[in-house]
Amino acid sequence: LVWNPYDCSELGESLEEIGNYAFSYCNKLTTFDSLKSVKYIGDSAFYQVKLTELDLTSLITIGEQGFSCSTMTKVTLGNNFESAGNNAFYFTKNYAELYYLGELNDWVSMEFVNSYSNPAYKADKIYYNGQTGMEVTITAKELRPFSLYCADVSKITLSDDVEVIGKYALARTKATEIVLGSGVKEV
């Protein structure tokens, strides 16, 4: 078998991990069908790659600069997603849609190191469990840093259960109204 880095369809559905720098600078690579089963993506794995659609429904963690300088139109993340390393989506051009298949209360518990690690930063439209531009009520105990950065919601209500709002957690949201619950102790 001769592996062609520009045709990754031969890798199949058993692929679970992509190591550091695995496809860096493969700038002719535009599709990668085997991402659907991948759980871990290493640092700079797709640096300077021109992937257009990412089905990351099994992804748990992406390393530093994992998709930096990629050109994407659509990104789908499953409810397993937990964290993104420093600048995981840095220099990514704006893309049309981000789909998160889980609940928004799970999203706010994710670990984003900075704004460029949150894939919502560059999305024109963000769908949380199929919905966009909606009113949301957050019941998680903590909004992690950068968790709702650029969130596409119309109103955010923080229940009395919310105690901590991390740095930049609500920065650049599209909300026209934010209601703080009585339990908030730290912003």
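These figures come from a predicted structure and were not determined experimentally.
Side-chain atoms of T57 and L77, non-hydrogen and from C-beta on, never get closer than 4.5 Å to each other. The closest side-chain heavy-atom distance from T137 to L158 is not below 4.5 Å. N118 has its side chain out of reach of C150: every pair of non-hydrogen atoms, C-beta onward, lies at least 4.5 Å apart. In this structure, the side chains of M72 and T52 stay at 4.5 Å or more apart for every pair of heavy atoms. Here the side chains of L54 and T76 are not in contact, with every heavy-atom distance at 4.5 Å or above.
The closest donor-acceptor contact from the side chain of T132 to the backbone of I126 lies under 3.5 Å. One N or O on the side chain of T176 and one on the backbone of S154 form a donor-acceptor pair closer than 3.5 Å. A donor-acceptor pair is defined here as one N or O able to donate and one able to accept, closer than 3.5 Å; such a pair exists between the side chain of S37 and the backbone of L15.
Note on ring orientation: taking the six-membered ring where Trp is involved, the planes of Y128 and W107 are perpendicular (angle over 60°, cut-offs 30° and 60°).
Side-chain contact, E103 with N129: a donor N or O sits under 3.5 Å from an acceptor N or O. Of the N and O atoms on the side chains of N79 and D106, not one donor lies less than 3.5 Å from an acceptor on the other residue.
Listed by chain and number, the hydrophobic cluster partners of V179 come to none, as no ILVMFWY side chain reaches under 4.5 Å of it.
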Which pairs would a plain distance check flag for residues 160-169, meaning a side-chain donor or acceptor within less than 3.5 Å of a matching protein atom at least two apart in sequence or in another chain?
| residue | atom | partner | partner atom | Å |
| --- | --- | --- | --- | --- |
| D160 | OD1 | S182 | N | 2.9 |
| D160 | OD1 | S182 | OG | 3.1 |

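Taken together through direct or relayed side-chain contacts under 4.5 Å among Ile, Leu, Val, Met, Phe, Trp and Tyr, V108 and I60 form parts of separate hydrophobic clusters. No continuous path of ILVMFWY side-chain contacts below 4.5 Å connects V75 to L101, so the two sit in separate hydrophobic clusters. Under a hydrophobic-cluster definition in which Ile, Leu, Val, Met, Phe, Trp and Tyr are linked whenever side-chain heavy atoms come within less than 4.5 Å, directly or via other members, L56 and Y99 are assigned to different clusters.
Residues R144 and S147 come closest through the heavy atom pair O-OG, 2.8 Å.
Rounded to the nearest 0.5 angstrom, T73 OG1 and E97 CD are separated by 8.0 Å.
Ring centroids of Y149 and Y121 are separated by less than 6.0 Å, placing the two rings close together. Taking the six-membered ring for Trp and the full ring otherwise, Y100 and Y127 have centroids separated by 6.0 Å or more.
With sequence neighbours excluded, no residue forms a salt bridge (Lys or Arg N to Asp or Glu O under 4.0 Å) with D43.
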Check against side-chain contact (heavy atoms from CB on, under 4.5 Å), N87 and N114:
CA-CA 7 Å; N87 297 333; N114 59 19; 2.7 Å; yes
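Across I18, D55, V49, a single residue satisfies side-chain contact (heavy atoms from CB on, under 4.5 Å) together with F32, and that is I18.
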